[in-house]
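Below is one structure, written out as structure tokens; comments come after it.
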There are 2 protein chains.
Amino acid sequence: MISDSQRKHILHRFRLKVTSARLFVLDILIRSDVALSHNDILSQARDPQLDKVTLYRTLDAFVKSGLAHKVATEDRNWLYALHHNDQKESFEDDHAHFVCDECERIYCVPVVPAGKLQISNSDQSFTVRSHEYRLHGTCPQCQ
Amino acid sequence: MISDSQRKHILHRFRLKVTSARLFVLDILIRSDVALSHNDILSQARDPQLDKVTLYRTLDAFVKSGLAHKVATEDRNWLYALHHNDQKESFEDDHAHFVCDECERIYCVPVVPAGKLQISNSDQSFTVRSHEYRLHGTCPQCQ
DNA sequence: ACATACTTGCAACTTTGTTGCATTAATACT
DNA sequence: AGTATTAATGCAACAAAGTTGCAAGTATGT
Ligand SMILES: [Mn+2]
Ligand SMILES: [Mn+2]
Ligand SMILES: [Zn+2]
Ligand SMILES: [Zn+2]
């Protein structure tokens with residue numbers, strides 16, 4: 001369990017004002033091993049009554065500041081996860097998303113860089129600036 | 001320009017009944033070099049007055065039958081494109097999606113297979129069944 | 001403690017996609 | 001060709017998801 005002042009420190013590092021909504025959302029994201037949807041988070045907030053719009057804006061602020069990133073699911077939802085560069089295991093900046101076909105949870109997973117991609121149809125000049133891998137299969141819990 | 005009977009033949013191959021809505025949508029998809037959204041297609045159909053629900057169901061039918069596939073965009077829309085195995089250039093079954101950061105169009109592009117991905121955190125047993133690359137950058141038209 | 005700028009919560013709204021159902025049309029079979 | 005069967009269509013009503021504007025509240029630096 002991460003302390004209150006640790007979370008405040010994280011928000012400061014990302015130039016985010018410390019509010020109870022942000023501390024609450026940050027806590028949930030830190031404790032989750034999978035990426036979470038707006039609805040996942042909202043439903044965990046029964047008592048402190050987190051407003052849905054505030055949550056949308058909080059998540060936007062987290063992404064915009066670089067504290068979190070978002071992944072689109074198969075059914076067109078956004079899932080949010082922290083950049084783990086500091087918290088927990090240290091993931092690559094450019095990591096992969098593992099989508100479990102069974103439970104549909106999405107994990108941020110480290111990958112070993114296995115050679116650059118190359119577009120073979122090279123009479124066309126595509127400039128590749130970044131790329132995303134998306135892996136599908138079965139996660140440990142569902143094996 | 002692809003003929004009417006050619007399009008009918010394609011629909012037959014995918015066990016889809018031939019209707020004017022399907023012929024119309026197929027024609028649009030064949031002629032496009034980028035993946036198209038529901039709205040892209042609907043707005044091209046001013047005269048034959050294509051119903052929005054019919055279009056949703058037509059696109060679903062195309063995907064379900066294997067004639068087309070869909071790609072999620074950055075802003076959580078679906079874009080639809082044919083599998084090019086027969087039409088136009090022959091793409092790999094497992095191709096990549098090139099997202100232009102300028103115009104946001106998405107192209108289906110062939111890639112040279114550059115070694116299998118490997119998840120390095122292997123005390124956990126993830127079974128990778130398939131993967132998706134997503135490339136970001138600038139397309140030929142925007143260079 | 002004060003000023004300032006940012007965040008919050010609410011309601012109204014927009015956008016997008018879904019469902020049920022009556023009608024119409026496509027295909028297969030005489 | 002005519003008929004039966006089954007699927008597709010169009011419409012309206014609905015539902016879900018996300019956005020916007022604004023007034024009130026709160027965090028932060030001085
Ligand atoms: Mn991630
Ligand atoms: Mn494609
Ligand atoms: Zn799983
Ligand atoms: Zn472009």
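All values derive from a computational prediction rather than experimental measurement. Chain letters run A, B, ... following the sequence lines, proteins first and then strands; every chain starts at 1. Below, all heavy atoms of this structure are taken into account, side chains as well, without hydrogens, waters or symmetry copies.
Between the C1' atom of C:dA26 and the CZ atom of B:F14 lies a distance of 20 Å, rounded to the nearest Å. Atom C1' of nucleotide D:dT9 and atom CG of B:L23 are separated by 15 Å, given to the nearest angstrom. Straight-line distance from the CZ atom of B:R15 to the P atom of D:dA8: 14 Å, rounded to whole Å. The CG atom of B:L42 sits 12 Å away from the C1' atom of C:dT16 (whole-angstrom rounding). Atom CG of B:L11 is separated from atom C1' of C:dA25 by 15 Å (rounded to the nearest Å). What separates CG of A:L55 from P of C:dT8 is a distance of 10 Å, to the nearest Å. Whole-Å rounding puts the A:D75 CG to C:dT18 C1' distance at 14 Å. As rounded to whole Å, 15 Å separates atom C1' of C:dG17 from atom CD1 of B:I41.
B:Y107 and B:F98 have perpendicular rings, their planes meeting at more than 60° on a 0 to 90° scale where under 30° would count as parallel. Using cut-offs of 30° and 60° for the angle between ring planes, the A:H38 and A:Y56 rings count as parallel.
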Would you sort out whether A:D60 and A:R57 count as a salt bridge (charged side-chain N to carboxylate O under 4.0 Å, His left out), showing the intermediate values?
CA-CA 5 Å; A:D60 282 351; A:R57 297 198 268 226; over 6 Å; no
Any chance you could lay out the side-chain contact (heavy atoms from CB on, under 4.5 Å) test for B:L55 and B:D51, step after step, and finish with the verdict?
CA-CA 6 Å; B:L55 180 53; B:D51 184 75; over 6 Å; no
Once base and sugar-phosphate atoms are separated, protein heavy atoms under 4.0 Å mark nucleotides 17-30 of chain D, 5' to 3', with B, S and - as SBBBB-----SS--
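Using a 4.0 Å cut-off, some side-chain N or O of B:T54 falls inside it from OP1 or OP2 of D:dG10.
Annotation: the span from A:R76 atom CZ to B:D75 atom CG amounts to 9.0 Å, rounded to 0.5 Å. Between the CG atom in A:D27 and the CZ atom in A:R31 there is a gap of 4.5 Å [rounded to 0.5 Å].
B:A61 comes within 4.0 angstrom of no nucleic acid atom, judged by non-hydrogen atoms across all strands.
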